Amino acid sequence: MKNVAKAKDFFWKIGFSFNEQHDTPSSTCMVVGEGHFVIMLFEESLFEGFSQNKITDTQSSSEILISIDAESKEEVDELAQKVKDAGGVVFADPAESQGWMYGCGFADLDGHRWNVLFMDFAKLS
């Protein structure tokens with residue numbers, strides 16, 4: 001992340017929580033879902049050291065697409081609006097896909113791409 005504090009504020013505004021016990025000025029511990037899956041957000045120079053690789057230019061390429069489950073179409077719509085309100089970019093507006101999925105795609109403040117999907121398995125054929 002270019003700025004961990006700004007990234008943390010963005011993700012907090014769209015509904016994520018954090019394990020404050022693991023916060024430092026150059027990293028934070030984001031908790032996802034009821035299973036408490038953890039995503040660490042690192043300052044770019046710290047991440048480069050861990051990964052021993054260059055940082056991807058998210059304006060011209062993607063290194064990852066993280067998908068998040070939604071419980072309903074309304075949850076997808078609400079999250080897309082929260083992303084916009086928090087300064088993120090919705091690059092794929094909420095829409096139906098393949099007759100059984102409803103989702104959207106957004107980029108966080110650093111351009112990392114996320115996908116939010118509601119999957120109606122009853123419609124899966």
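Given the structure is predicted, the values throughout are model-derived calculations rather than measurements. Basis for what follows: all heavy atoms, side chains included, without hydrogens, waters or symmetry-related copies.
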Examine [X] and [Y] and state if one hydrophobic cluster contains both, with Ile, Leu, Val, Met, Phe, Trp and Tyr joined whenever side-chain heavy atoms are less than 4.5 Å apart.
X: F10; Y: V89; answer: no
X: V116; Y: I66; answer: yes
X: L117; Y: V32; answer: no
X: I64; Y: I39; answer: yes

Distance check, rounded to the nearest 0.5 Å: [X] atom [atom1] versus [Y] atom [atom2]?
X: K123; Y: E96; atom1: NZ; atom2: CD; value: 5.5 Å
X: H36; Y: S17; atom1: NE2; atom2: OG; value: 7.5 Å
X: D9; Y: N3; atom1: CG; atom2: CG; value: 10.0 Å
X: M40; Y: H22; atom1: CE; atom2: NE2; value: 7.5 Å
X: M1; Y: S45; atom1: CE; atom2: OG; value: 13.5 Å
X: K54; Y: E63; atom1: NZ; atom2: CD; value: 14.5 Å

Do you know the tightest heavy-atom contact between [X] and [Y]?
X: V76; Y: A70; result: CG2-CB, 3.6 Å
X: V31; Y: F16; result: O-CD2, 4.0 Å
X: C29; Y: D23; result: N-OD1, 3.9 Å
X: S27; Y: F42; result: CB-CD2, 3.6 Å
X: C104; Y: D93; result: CB-C, 4.0 Å

Pair W12 + F18: ring centers closer than 6.0 Å:
no
With a 6.0 Å cut-off on ring centres, are F91 and W114 close enough?
no
Does the [X] side chain pair with the main chain of [Y], one donor and one acceptor, at a distance under 3.5 Å?
X: T28; Y: L41; answer: no
X: N115; Y: G105; answer: no
X: T24; Y: S26; answer: yes
X: D110; Y: H112; answer: no

With side-chain contact (heavy atoms from CB on, under 4.5 Å) as the criterion, how do N53 and E48 come out once you've worked through the C-alpha distance, each side chain's angles and the decisive distance to 0.1 Å?
CA-CA 6 Å; N53 208 350; E48 250 180 355; over 6 Å; no
Verify the neighbour count for atom CZ of F47: are there more than 12 heavy atoms of other residues, nucleotides or ligands below 6.0 Å?
no
Please indicate whether E71 has more than 12 foreign heavy atoms, meaning atoms of other residues, nucleotides or ligands, lying under 6.0 Å from its CD.
no
Could you give me the CA-CA distance, side-chain angles and deciding distance for M119 and W100, then say whether side-chain contact (heavy atoms from CB on, under 4.5 Å) is met?
CA-CA 6 Å; M119 295 176 278; W100 65 282; 3.7 Å; yes
If you apply the rule side-chain contact (heavy atoms from CB on, under 4.5 Å), what do you find for I14 with L79, and how did you get there?
CA-CA 6 Å; I14 67 171; L79 189 58; 3.8 Å; yes
Looking at Y102, does the NZ or CZ of K73 lie under 6.0 angstrom from its six-membered ring centre and within 45 degrees of the ring axis?
yes
For a quick check under 3.5 Å, do Q81 and D77 share a side-chain donor-acceptor pair by atom type?
no
Does the pair K8 and E20 meet the rule for a side-chain contact (heavy atoms from CB on, under 4.5 Å), with working shown?
CA-CA 11 Å; K8 182 178 177 182; E20 305 280 338; 2.9 Å; yes
